[in-house]
Amino acid sequence: MKSKPLQAHITASYTTLRIGMAVLAIALPGMLWLLGHAAANLPLQGSMSAYYHAGGLVRDVFVGFLFAIGFFLMLYKGFTDFENWALNLAGGLLLIVAAVPMPWGCGADCPQVTLHGAAAVLFFLC
């Protein structure tokens with residue numbers, strides 16, 4: 001009889017974790033736009049990564065959200081070994097995206113391929 005409450009608790013925890021990750025990921029673009037507009041008087045940026053260079057609260061929220069989502073992805077267990085491997089890789093790549101900013105202010109001299117950009121593309125592929 002005790003297994004049903006335990007199973008319900010495990011299922012509820014798993015579901016809550018999934019919903020929490022989705023809420024963070026869905027809220028991030030809007031949160032960046034709102035904070036960028038309110039805190040730094042920024043227009044809508046060309047990419048989410050551009051908000052890193054706004055500094056202050058906008059940068060902190062951007063990096064914090066990415067780290068939270070990245071760690072959640074690594075902690076989340078997939079149903080298969082391949083899914084688990086892909087989740088871990090995606091989480092690690094997202095930490096790189098957060099920790100290594102894209103080049104800024106170098107105009108035409110900016111490199112076309114960067115660690116930030118490569119990690120972002122690979123993250124989305126995972």
Side-chain angles (χ1 to χ4, degrees):
M1 284 295 249
K2 291 184 180 183
S3 66
K4 284 197 177 200
L6 179 60
Q7 184 64 36
H9 179 76
I10 291 169
T11 301
S13 294
Y14 187 73
T15 302
T16 303
L17 177 62
R18 291 176 75 162
I19 291 169
M21 285 191 305
V23 167
L24 285 175
I26 292 167
L28 181 59
M31 184 70 72
L32 289 174
W33 176 77
L34 284 173
L35 284 174
H37 181 70
N41 201 26
L42 289 174
L44 181 63
Q45 299 296 293
S47 72
M48 287 192 294
S49 295
Y51 285 96
Y52 178 91
H53 298 284
L57 180 62
V58 180
R59 176 186 294 167
D60 294 345
V61 167
F62 177 66
V63 172
F65 267 60
L66 292 184
F67 264 84
I69 296 166
F71 280 122
F72 276 134
L73 286 170
M74 289 191 294
L75 293 171
Y76 190 80
K77 298 299 175 205
F79 288 109
T80 65
D81 287 341
F82 177 76
E83 182 182 14
N84 198 50
W85 177 84
L87 288 165
N88 289 337
L89 181 59
L93 289 165
L94 198 53
L95 296 180
I96 293 170
V97 169
V100 180
M102 67 182 213
W104 193 258
C106 50
D109 294 332
C110 283
Q112 295 297 314
V113 177
T114 64
L115 179 57
H116 175 90
V121 168
L122 290 172
F123 163 75
F124 281 107
L125 291 175
C126 285

Hey, any chance Y14 and L73 share a hydrophobic cluster, counting ILVMFWY side chains that come within less than 4.5 Å of each other, even indirectly? yes
So do [Y] and [X] actually touch side chain to side chain, heavy atoms under 4.5 Å?
X: L35; Y: Y51; answer: no
X: P101; Y: R59; answer: no
X: H9; Y: S13; answer: yes
X: M48; Y: L66; answer: no

Testing the basics here: between [X] and [Y], what is the closest heavy-atom pair and its distance to 0.1 Å?
X: G70; Y: L95; result: CA-CD2, 4.3 Å
X: A86; Y: C126; result: O-CB, 3.9 Å
X: L28; Y: F62; result: CD1-CA, 4.4 Å
X: Y52; Y: A98; result: CE1-O, 4.4 Å

Is there any ring pair (Phe, Tyr, Trp, His ring centres under 6.0 Å) pair reaching into residues 102-126, and which pairs are they, with sequence neighbours excluded? H53-W104
Heavy-atom neighbours of F67 CZ exceed 12 at 6.0 Å: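 Enclosed.
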L24 and F72: side chain to side chain contact (heavy atoms under 4.5 Å, CB included), yes or no, with the steps? CA-CA 10 Å; L24 285 175; F72 276 134; 3.8 Å; yes
Check step by step if side chain to side chain contact (heavy atoms under 4.5 Å, CB included) holds for L125 and L122. CA-CA 5 Å; L125 291 175; L122 290 172; 4.3 Å; yes
Quick one: which of L89, D81, L87 gives a side-chain contact (heavy atoms from CB on, under 4.5 Å) with W85? L89
